[in-house]
Amino acid sequence: MFEPGVGSAVGLLEVGQAGGPFREDIGYRRHEKQLVSVLSGWASGYDLVLPNALDAAARTHRVVAETRYNKAWAHGMEAAGLIKVVPENKTSPGYVRLKADTLSQYQAEPWIADYINNATTQFGLRDIKNPFIRGYMRLNFAAKHLMLMFGFFHHQAFVRSYLFTVSNSEFGAAMKDVKGMGSIAGASLGSYAKAWGRMNHKNLRDLESKFRPMAMGREAWTKLTPQFEMLVRAGMTVQLSNEMTQNMGGAYYTPEDVADVDNWFEKAKAKINSWGIGAAAKPMLTMVENVRIAQRETAEWLFNTMGANMKIAAGLIKFQELQAKHAEKLKKDDGSHLKELARIAAEQVNADFGGLDLRGRSGKMSDYFGKPGPRNPVHQMVLRGLFLAPDWTESNLTAFLGMLKKGKRYATPEEIQNIQKAAYRTMWARVGGRALSMTFLANMLLAGIDDERELADMYTQAGFPGLGDEDAPKATKLRWLDINLSKFSPTESRKFLSTAGHFMDPFKMSVDAVEDGFLAPIQRKGSAFAKGLYEWITGTNYAGRRYNSLQAFMGWNEEAGEYTRDMTLPDGTKVKKGDRRPGRYEGMVTRNSVLQGSVRADEVPMWMFDQATKFVPLQLRSVVDYAMGSHDGLDMLAQMAGVKFSKTYPDK
């Protein structure tokens, strides 16, 4: 089996995809066979996608199964009169020809064709015809994975999603299992050790399995239990959140897109070798290659093991809870009610853990705005150009909207929509109660060990409505919902740690849109280039600080000079007459300023430098920010750990 489009097999529905091996509709496009044998493929210069014979046999088995399902599905649609066969290059008036290769002989009415085409076609980077836009998307792709290379944001988000949304009994059991919580933290670190060859697979598996949700999810997946099968049939996606290695129906970068990134790296190495400096550059190139491999392996474990198993566990718990709540109705059920409960549980964990079923009939933002049904893959590509993580952002908003209104889902009874809305409200009640309780208890504990602050002071410093002092963040920043860590701040900057984490995003985005304009959420959640454009227009970075001028950065302005006498500075530093006196913002990328408008000519260098740091891992950027004076030590450590952390920016 060779690369899709050039080999003799197709990309196929994986076990964890919504529908998985149980799915009975059209999956991926069927590619025309161009190679007659493995030998002819090797002779043409191609490599096998799956060189392992057992993996290849398993994939082939699924290809055959999918082909059978595809034919049955198409024949069923044809028998129902929804699609009909037409000669090639002909279309009946009022009909549209279907795009997928396996359906190219069929046509349907426009609304049906639109639904089927969105569910059965893909759109990757190679499909973008405009070279400028294609290059823009490729750079976005590279920037995203460089920035998030070794962060722990998603690890924390998965644990938070599980702990804050499962039933009270499951939450209590998890909180009591201190060793289990420690084991999943250790496994998160161990995944990096394994990627660098410092831990074997068995030890990592033993460590992660001590956390009950991981073991519960793995068992259901391994045994393909009936409950798990129902959730997958209903739309729960698993093992498809890793953009670097998986493909989810046009929602993520395709394997060909990933191959493009690999080709760029190989071309860069070839170019360096052509310059005659290959030997000198070899250590650096080897290091970069090792980092790329480590990133992929750690991402594989994060999304396809940790996130997948915890998502399955949460889905099973939610499904069981819904069944218990509606047990009386299920006694007289013909099976349809149970399927709807499975769909509700599946869509909720998709929205909670990320990995929306974009090919499914519901479970997305379009349920509430626009048309329900499968997502147009071209539209999803546009979202990837605007937002850093469109699926994650849309997941948060979908979960939020689910408790407020009923969606425009196809053929969903009123009763079922009421059950779904109630399920989301239960979820958010748990999130709010648990997050606020943890925040309050943490602030109370910190106030107890701080002789200078009472509990009320903790909230006054955080800008609690009606209590905030002059140095506190605005109440609309919602820092009073976070843990106040200002006691540990090495500077005058106040520090806040979010307990709710990504669950706060819908609220913060709403407030930002009202206060700073509807484009403000792009600055918060935008892609690397979308953020850069927004920062150019406003002249400020993510914290609202103005980009520094080159003169102030270099110390060429009037503030810099020499001390005129011996003196002791406020921080205790002793200086002598004639010592150099730095400017107030010397060496700093940003500054406080009352200036408004887009980036000025003398601010362009600092804007460009800030954009360049978006193409490095967050850990490296945090070190750069610390060295440049934008961060203090606590800021740097928080950014390295990938926690939801915020601070104030005093003009001192």
Seminar exercise, completed: Residues at least two apart in sequence or cross-chain that pass side chain to side chain contact (heavy atoms under 4.5 Å, CB included) with D635, listed by chain then number, are K495, H631, D632, F645, K647
For this session: For D333, check side-chain hydrogen bond (donor to acceptor under 3.5 Å, both in side chains) against everything at least two apart and list the hits.
Result: none
Exercise. Are the side chain of W428 and the backbone N or O of A399 linked by a donor-acceptor pair below 3.5 Å?
Worked result: yes
For this session: Please tell me if the side chains of M214 and S183 come closer than 4.5 Å, counting only heavy atoms from C-beta onward.
Result: no
For this session: For F171, look at atom CZ and say whether over 12 heavy atoms of other residues, nucleotides or ligands are found less than 6.0 Å away.
Result: yes
Exercise. How are the rings of H502 and F153 set to each other: parallel, tilted or perpendicular (split at 30° and 60°)?
Worked result: perpendicular
Problem set entry | Qualifying residues under side-chain hydrogen bond (donor to acceptor under 3.5 Å, both in side chains), relative to D177, sequence neighbours excluded | none
Exercise. Does the distance from a Lys or Arg side-chain N to an Asp or Glu carboxylate O, for E328 and K331, drop under 4.0 Å?
Worked result: yes
For this session: For the residue pair Q639 and Y626, establish whether any side-chain heavy-atom pair is separated by less than 4.5 Å.
Result: no
For this session: Output the distance between atom CG (L386) and atom NZ (K531), rounded to the nearest 0.5 Å.
Result: 13.0 Å
Exercise. Counting distance only, does the side-chain N/O of N350 pair as donor-acceptor with the main-chain N or O of T237 below 3.5 Å?
Worked result: yes
Exercise. Taking the six-membered ring for Trp, is the centroid-to-centroid distance between F400 and F507 below 6.0 Å?
Worked result: yes
Exercise. Sub-3.5 Å donor-acceptor pair from the side chain of D352 to the main-chain atoms of T165, do we have one?
Worked result: no
Exercise. Among K210, R205, R212, which residue meets the salt bridge (Lys or Arg N to Asp or Glu O under 4.0 Å) test with E208?
Worked result: R205
For this session: Provide the closest heavy-atom pair for P490 versus L634 in the form atom of the first, atom of the second, distance.
Result: CD-CB, 4.1 Å
For this session: First locate atom CZ of F228, then atom CD1 of I312, and finally report the distance between them rounded to the nearest 0.5 Å.
Result: 4.5 Å
Seminar exercise, completed: Sequence neighbours excluded, the answer for side chain to side chain contact (heavy atoms under 4.5 Å, CB included) partners of K339 is M230
For this session: Mark yes or no for whether T460, through its side chain, and G468, through its backbone, hold a donor-acceptor pair below 3.5 Å.
Result: no
Exercise. Which one of E414, H337, K325 satisfies the side chain to side chain contact (heavy atoms under 4.5 Å, CB included) criterion with I419?
Worked result: H337
Exercise. Quick one: side chain to side chain contact (heavy atoms under 4.5 Å, CB included) partners of R425, sequence neighbours excluded?
Worked result: M403, K421
Problem set entry | Carboxylate-amine/guanidinium proximity below 4.0 Å for D469 and R494 | yes
Problem set entry | Residues forming a side-chain hydrogen bond (donor to acceptor under 3.5 Å, both in side chains) with T476, sequence neighbours excluded | E515
Exercise. About how many Å separate CD of E492 and CG of D471, when rounded to the nearest 0.5 Å?
Worked result: 8.5 Å
Exercise. Once you round to the nearest 0.5 Å, how far does CG of L446 lie from CZ of F488?
Worked result: 5.5 Å
Seminar exercise, completed: To the nearest 0.5 Å, atom CG of N592 lies from atom OG1 of T540 at 11.5 Å
Exercise. Donor-acceptor pair, T613 side chain versus D610 backbone, under 3.5 Å?
Worked result: yes
Problem set entry | Partner residues of E452 under the salt bridge (charged side-chain N to carboxylate O under 4.0 Å, His left out) criterion, sequence neighbours left out | none
For this session: Apply salt bridge (charged side-chain N to carboxylate O under 4.0 Å, His left out) to R434 and list each qualifying residue two or more places apart in sequence or on a separate chain.
Result: none
Exercise. Which residues pass the side chain to side chain contact (heavy atoms under 4.5 Å, CB included) test with A193, sequence neighbours left out?
Worked result: R198, M199
Exercise. Do E347 and R343 sit within salt-bridge range, that is, some charged N less than 4.0 Å from a carboxylate O?
Worked result: yes
For this session: Using the ring pair (Phe, Tyr, Trp, His ring centres under 6.0 Å) rule, collect all pairs that involve residues 434-474, keeping only residues at least two apart or in two chains.
Result: F464-W480
Exercise. Side chains of L481 and T439: closer than 4.5 Å at any heavy-atom pair?
Worked result: no
Exercise. Between Y192 and F152, does the ring centroid distance fall short of 6.0 Å?
Worked result: yes
Exercise. Salt bridge between D391 and K364, side-chain N to carboxylate O under 4.0 Å?
Worked result: no
Exercise. Side chain of K311, backbone of G354: donor and acceptor closer than 3.5 Å?
Worked result: yes
Exercise. Distance from S646 atom OG to K508 atom NZ, nearest 0.5 Å?
Worked result: 6.0 Å
Exercise. Is a side-chain N or O of N396 found less than 3.5 angstrom from the main chain of T393, in a donor-acceptor match?
Worked result: no
For this session: Would you check if the side chain of D367 reaches a backbone N or O of S362 as a donor-acceptor pair within less than 3.5 Å?
Result: no
Problem set entry | salt bridge (charged side-chain N to carboxylate O under 4.0 Å, His left out) against K223, all qualifying residues, sequence neighbours excluded | E219
Exercise. Which residues satisfy the salt bridge (charged side-chain N to carboxylate O under 4.0 Å, His left out) test with K525, sequence neighbours excluded?
Worked result: D505
Problem set entry | Minimum side-chain heavy-atom gap M444-L441 below 4.5 Å | yes
Problem set entry | Backbone of P650 reached by a side-chain donor or acceptor of T648 within 3.5 Å | no
Problem set entry | Basic-acidic side-chain contact under 4.0 Å: E170, R430 | no
